[in-house]
Amino acid sequence: MKIKSELSKIIEKALHSANIQANEIVISDATKPEFGDYQFNGVMRLAKELKRNPREIASEVVEHIDTTGMVSKVEVAGPGFINIWLNNEWLAKVTTETLDDKRVGVGFVENPKRVVVDYSGPNMAKQMHVGHLRSTIIGDTLATLFEFLGDEVIRQNHIGDWGTQFGMLIAYLEEQNTDGNTQELKDLEQFYKDAKVRFDESKEFANKAREYVVKIQSGDEHCLELWQSFINASLGHCEEVYKKLNVNLTRNDVRAESFYNDQLPKIIETLKEKNISTTSNGAECVFLEGDENPIIVQKSDGGFLYATTDLAALYFRANVLKAKRICYVVDARQAQHFKQVFAIAKMAGLVDEDVILEHIGFGTMMDKGGKPFKTRDGGVIKLVDLLDEAVVRAKDAIKDRDVHSEEELNSVARAIGIGAVKYADLSISRESNYIFNWDKMLSFEGNTSLYMQYAYARIQSILRKHNAEVSGKIIIGDEIEHRLAVMLLKFEDTLIKASIEATPHTITSYLYELVTLFMKFYEQNPILKDGIENEVKMSRLQLSILTGAVIKKGLEILGIEVVEKI
RNA sequence: GCACUCGUAGCUCAGCUGGAUAGAGCACUCGCCUUCUAAGCGAGCGGUCUCAGGUUCGAAUCCUGACGGGUGUACCA
């Protein structure tokens with residue numbers, strides 16, 4: 001239910017009836033329960049424009065507000081706030097209707113678009129480490145969210161499969177394979193290190209590595225084959241992580257850097273033709289206004305750079321995939337790069353004016369001392385290890401609870417452990433830097449995914465115990481049920497906000513608030529106990545069912561599973 | 001040097017398109033399991049919102065400056 005826009009309409013009507021002009025009506029959440037459910041603060045600004053007393057205007061508006069349907073009560077407070085209470089019968093009716101809705105009251109966006117979401121983008125030469133977590137799960141959540149709201153989403157995994165380090169890696173791979181048995185790329189990190197050692201100690205090997213770089217680029221069959229087998233193995237590692245993470249990326253979503261290789265000369269040509277780039281110190285450069293340094297699109301030795309590849313990718317996404325919105329879920333450190341690339345792409349007409357280009361940046365993962373993790377120090381935790389440890393800890397935490405069979409134990413541990421890791425990341429605002437902490441990441445207390453999963457399991461437990469049909473209407477019997485019902489209907493507004501701002505943490509905050517209310521309701525309002533009237537029992541069961549459905553859908557968008565029992 | 005970004009409770013963080021007494025979790029203190037899962041609920045403790053100016057009826061939020069952390073700044077991605 002789009003509550004805020006419904007309320008805006010009601011206020012607009014009231015303003016109109018009261019003969020007051022206003023251009024934009026913003027409804028906000030009430031800051032406290034005593035102040036109602038929602039509030040309209042716009043009167044103070046209007047009063048200034050009209051040079052009138054704000055409380056006087058507010059009272060006039062309040063007199064004209066329709067309180068026969070959605071709204072039960074309005075009140076002027078403080079300097080001129082208008083506090084709004086939603087009507088219990090209306091809440092009861094709408095929540096009851098929502099029970100039959102698979103989308104739990106969430107509609108579709110008015111103008112669905114084709115959206116490209118570029119995320120994860122691991123480097124094939126390296127093992128995925130904790131630093132790759134954010135792009136992968138933020139991107140995956142946004143893709144799922146956009147899709148749920150009705151957009152057509154094309155996921156793009158722009159993997160790094162091209163560059164000088166691959167000469168070294170495939171030369172080493174070949175060397176390892178000569179004794180007949182194919183080397184398994186069990187540990188990529190180790191493989192890279194070993195190759196590097198070999199590169200540093202042997203001139204012969206180093207020369208071969210350099211030679212292989214050239215050979216891949218010129219299309220040498222043998223080298224390409226080695227390269228392809230290396231990429232396949234490395235991608236296999238990533239897919240293992242995606243699977244563990246419950247992330248919806250498949251091989252069909254992979255569009256590697258190398259895919260754009262043969263289009264790069266054309267990009268340079270276009271830039272030259274349109275006089276956007278110039279040659280400077282032997283390199284092909286674009287000088288943008290306001291930037292002291294140019295963006296180099298072609299090196300003096302003729303090689304291309306990542307800006308070139310990104311321009312080619314933008315062209316492809318806008319013209320071949322025909323996306324109208326292109327989102328890059330990439331580290332905030334690349335903000336300047338994307339700003340420049342986007343500007344060039346639009347200047348050169350590689351992307352039409354009406355295509356929305358967005359860099360969805362996120363903060364850097366820091367170590368305990370507040371310094372960014374450094375890959376080269378070797379101290380970075382492998383993503384697989386983190387995830388496995390999370391599941392182990394979860395299993396350890398639930399094994400004595402005596403509610404699970406042996407096979408349930410593993411799937412529940414997985415849901416809880418992986419959920420904790422993802423939730424810990426998704427629940428902080430994506431722009432801020434992130435201090436990595438094992439214990440916090442694997443914590444099961446307070447605002448963690450387990451809190452949501454636990455509430456869901458409690459609801460399922462009640463339904464199992466009830467073990468009969470649930471029918472009948474929701475009745476709002478008290479303050480806590482009122483607040484719970486309002487919160488349930490806020491789900492759509494929350495998702496819309498999360499989608500516009502591309503902020504998954506908007507969803508986690510909402511779920512936390514919802515579950516907190518449910519826990520209170522659970523404590524205060526018994527459902528199955530003796531002496532509860534049937535009508536009330538059914539209403540409370542229905543409220544619980546709806547809460548469970550919203551929790552499940554919310555977590556599903558975050559890629560976190562619910563479980564029946566904990 | 002220039003640019004971007006962040007600075008809120010002991011710790012980790014919300015809130016930032018200006019609104020009422022700045023909110024959570026963790027930690028700490030206390031209370032609640034013979035009845036729907038106590039990984040829960042209730043109560044308490046804890047704040048010069050980095051600092052200084054400015055705009056405003058009203059500033060954690062907007063503007064300017066200072067200080068501090070992080071990041072980016074011509075041939076890596």
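By convention in this document, chain letters (A, B, ...) are assigned in the order of the sequence lines, proteins followed by strands, and residues within each chain are numbered from 1.
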> Heavy-atom contacts under 4.0 Å between residues 506-520 of chain A and RNA chain B, which residues?
Replying inline: A:Tyr512, A:Met519, A:Lys520
> Rounded to whole angstroms, how far apart are CD on A:Gln453 and C1' on B:A39?
Replying inline: 11 Å
>> Does a side-chain N or O of A:Lys299 approach OP1 or OP2 of B:C76 to a distance below 4.0 Å, or not?
In response: yes
> Which part of the nucleic acid, if any, lies within reach of A:Ile398 when heavy atoms closer than 4.0 Å are counted: base, sugar-phosphate only, or nothing?
Replying inline: base
>> Just the rounded figure in Å: distance from P of B:C41 to CD1 of A:Ile480.
In response: 11 Å
> On a whole-Å scale, what distance lies between the P atoms belonging to B:C16 and B:G68?
Replying inline: 29 Å
> Considering only the P atoms, how many Å lie between B:U64 and B:A3, rounded to the nearest integer?
Replying inline: 11 Å
> Does A:Tyr512 have its ring centroid less than 6.0 Å away from the ring centroid of A:Tyr451?
Replying inline: yes
> In Å, rounded to the nearest 0.5 Å, how long is the span from CD of A:Glu358 to CG of A:Asp118?
Replying inline: 12.5 Å
> Hey, would you say the A:Tyr260 and A:His158 ring centroids sit under 6.0 Å apart?
Replying inline: yes
What does the list of N/O pairs under 3.5 Å between the protein and nucleotides 20-22 of chain B look like, with a distance for each?
| unit_1 | atom_1 | unit_2 | atom_2 | d |
| --- | --- | --- | --- | --- |
| B:A20 | N6 | A:Gln39 | NE2 | 3.1 |
| B:A20 | N6 | A:Asn83 | OD1 | 2.5 |
| B:A20 | N6 | A:Asn83 | ND2 | 3.4 |
| B:A20 | N1 | A:Asn83 | ND2 | 3.3 |

> For B:C13, is chi within 90° of 0 (syn) or not (anti)?
Replying inline: anti
Any protein N or O atoms within reach of nucleotides 8-13 of chain B? Criterion: under 3.5 Å, listing atom names and distances.
| unit_1 | atom_1 | unit_2 | atom_2 | d |
| --- | --- | --- | --- | --- |
| B:U12 | O2' | A:Lys440 | NZ | 2.5 |

>> For the aromatic rings, using the six-membered ring if either is Trp, is the centroid distance between A:Phe444 and A:Tyr454 under 6.0 Å?
In response: no
> Is the A:Phe230 ring parallel, tilted or perpendicular to the A:Phe166 ring (thresholds 30°, 60°)?
Replying inline: perpendicular
> Are A:Arg458 and A:Tyr522 in a cation-pi setup, meaning NZ or CZ lies under 6.0 angstrom from the ring centre and within 45 degrees of the ring axis?
Replying inline: yes
> How would you list all residue pairs meeting side chain to side chain donor-acceptor pair (under 3.5 Å) that involve residues 293-309 of chain A, not counting sequence neighbours?
Replying inline: A:Tyr306-A:His337
> When rounded to the nearest 0.5 angstrom, what is the spacing between NZ in A:Lys490 and CG in A:Leu514?
Replying inline: 10.5 Å
>> Between B:C45 and B:G58, how far apart are the two C1' atoms, rounded to whole Å?
In response: 31 Å
> So does A:Glu49 have more than 12 non-hydrogen atoms from other groups sitting under 6.0 Å from CD?
Replying inline: yes
> Under a 4.0 Å N-O cut-off, is there an ion pair linking A:Arg393 with A:Asp439?
Replying inline: yes
> When rounded to the nearest Å, what value does the distance between C1' atoms of B:C11 and B:A74 take?
Replying inline: 43 Å
> Reckon A:Asn447 has a side-chain N or O less than 4.0 Å from the OP1 or OP2 of B:G25?
Replying inline: no
> So is A:Lys126 actually on top of A:Tyr192's ring, under 6.0 Å and inside 45° of the axis?
Replying inline: yes
> Just checking A:Glu292: base, sugar-phosphate only, or nothing, at a heavy-atom cut-off of under 4.0 Å?
Replying inline: base
> Starting at the 5' end of RNA chain B and moving along, which residue's nearest nucleotide shows up first, A:Tyr451 or A:Phe287?
Replying inline: A:Tyr451
> What are the two closest heavy atoms between A:Phe304 and A:Val297, and how far apart are they?
Replying inline: CD2-O, 3.8 Å
>> Is a donor from one side chain sitting under 3.5 angstrom from an acceptor on the other, for A:Glu431 and A:Ser429?
In response: yes
>> Would you measure the distance from the P atom in B:C62 across to the matching atom in B:U5 and give it in whole Å?
In response: 11 Å
>> Counting only Watson-Crick pairs (N1-N3 plus N6-O4 or O6-N4) and G-U wobbles (N1-O2, O6-N3), all under 3.5 Å, who is the partner of B:U73?
In response: B:G1
> In whole angstroms, how far is the P atom of B:A77 from the CG atom of A:Leu264?
Replying inline: 11 Å
> Contact class for A:Ala335 (heavy atom, under 4.0 Å): base, sugar-phosphate, or nothing?
Replying inline: nothing
> Is the shortest heavy-atom distance from the side chain of A:Arg414 to the side chain of A:Asn410 under 4.5 Å?
Replying inline: no
> Is there a Watson-Crick or G-U wobble partner for B:G7 with both distances under 3.5 Å, and which nucleotide is it?
Replying inline: B:C67
> Whole Å only: how far is the CZ atom of A:Arg430 from the P atom of B:C16?
Replying inline: 14 Å
>> Taking B:G31 as the reference, what is the distance to B:G18 when you measure between their C1' atoms (whole Å, please)?
In response: 41 Å
> Taking the P atom of each, how far is B:G44 from B:A22, in whole Å?
Replying inline: 16 Å
> Which part of the nucleic acid, if any, lies within reach of A:His337 when heavy atoms closer than 4.0 Å are counted: base, sugar-phosphate only, or nothing?
Replying inline: nothing
Within the sub-3.5 Å range, which N or O atoms of nucleotides 33-37 of chain B have a protein N or O partner, and how far apart are they?
| unit_1 | atom_1 | unit_2 | atom_2 | d |
| --- | --- | --- | --- | --- |
| B:C36 | O3' | A:Lys465 | NZ | 3.2 |
| B:C36 | O2 | A:Ile527 | N | 3.2 |
| B:C36 | O2 | A:Leu528 | N | 3.0 |
| B:C36 | N3 | A:Ile527 | N | 3.2 |
| B:C36 | N4 | A:Tyr522 | O | 2.2 |
| B:U37 | OP1 | A:Ser461 | OG | 2.8 |
| B:U37 | OP2 | A:Ser461 | OG | 3.1 |
| B:U37 | OP2 | A:Lys465 | NZ | 3.4 |
| B:U37 | O2' | A:Tyr454 | OH | 2.4 |
| B:U37 | O2' | A:Arg458 | NE | 2.9 |
| B:U37 | O2' | A:Arg458 | NH2 | 3.4 |
| B:U37 | O2 | A:Arg401 | NH2 | 2.7 |
| B:U37 | O2 | A:Ile566 | O | 3.3 |
| B:U37 | N3 | A:Ile566 | O | 2.8 |
| B:U37 | O4 | A:Ile566 | N | 3.0 |

>> What is the separation between atom CG on A:Asp29 and atom C1' on B:G18, rounded to the nearest whole Å?
In response: 16 Å
>> What is the distance, to the nearest angstrom, from the CG atom on A:Asn123 to the P atom on B:C76?
In response: 16 Å
>> By the 4.0 Å heavy-atom rule, please label A:Asp301 as base, sugar-phosphate, or nothing.
In response: nothing
> What is the minimum heavy-atom distance between A:Leu46 and A:Ile57, and which atoms define it?
Replying inline: C-CD1, 4.5 Å
>> Which residues pass the side chain to side chain donor-acceptor pair (under 3.5 Å) test with A:Tyr423, not counting sequence neighbours?
In response: A:Asn447
> Looking only at atom C1', what distance separates B:C6 and B:C51, rounded to whole Å?
Replying inline: 16 Å
>> Students often get this wrong, so: under 4.0 angstrom with heavy atoms, is A:Ala332 touching a base, only sugar-phosphate, or nothing?
In response: nothing
>> I want to verify a distance call: between B:A74, B:C76, B:C57, whose nearest atom is closest to the A:Leu305 side chain?
In response: B:C76
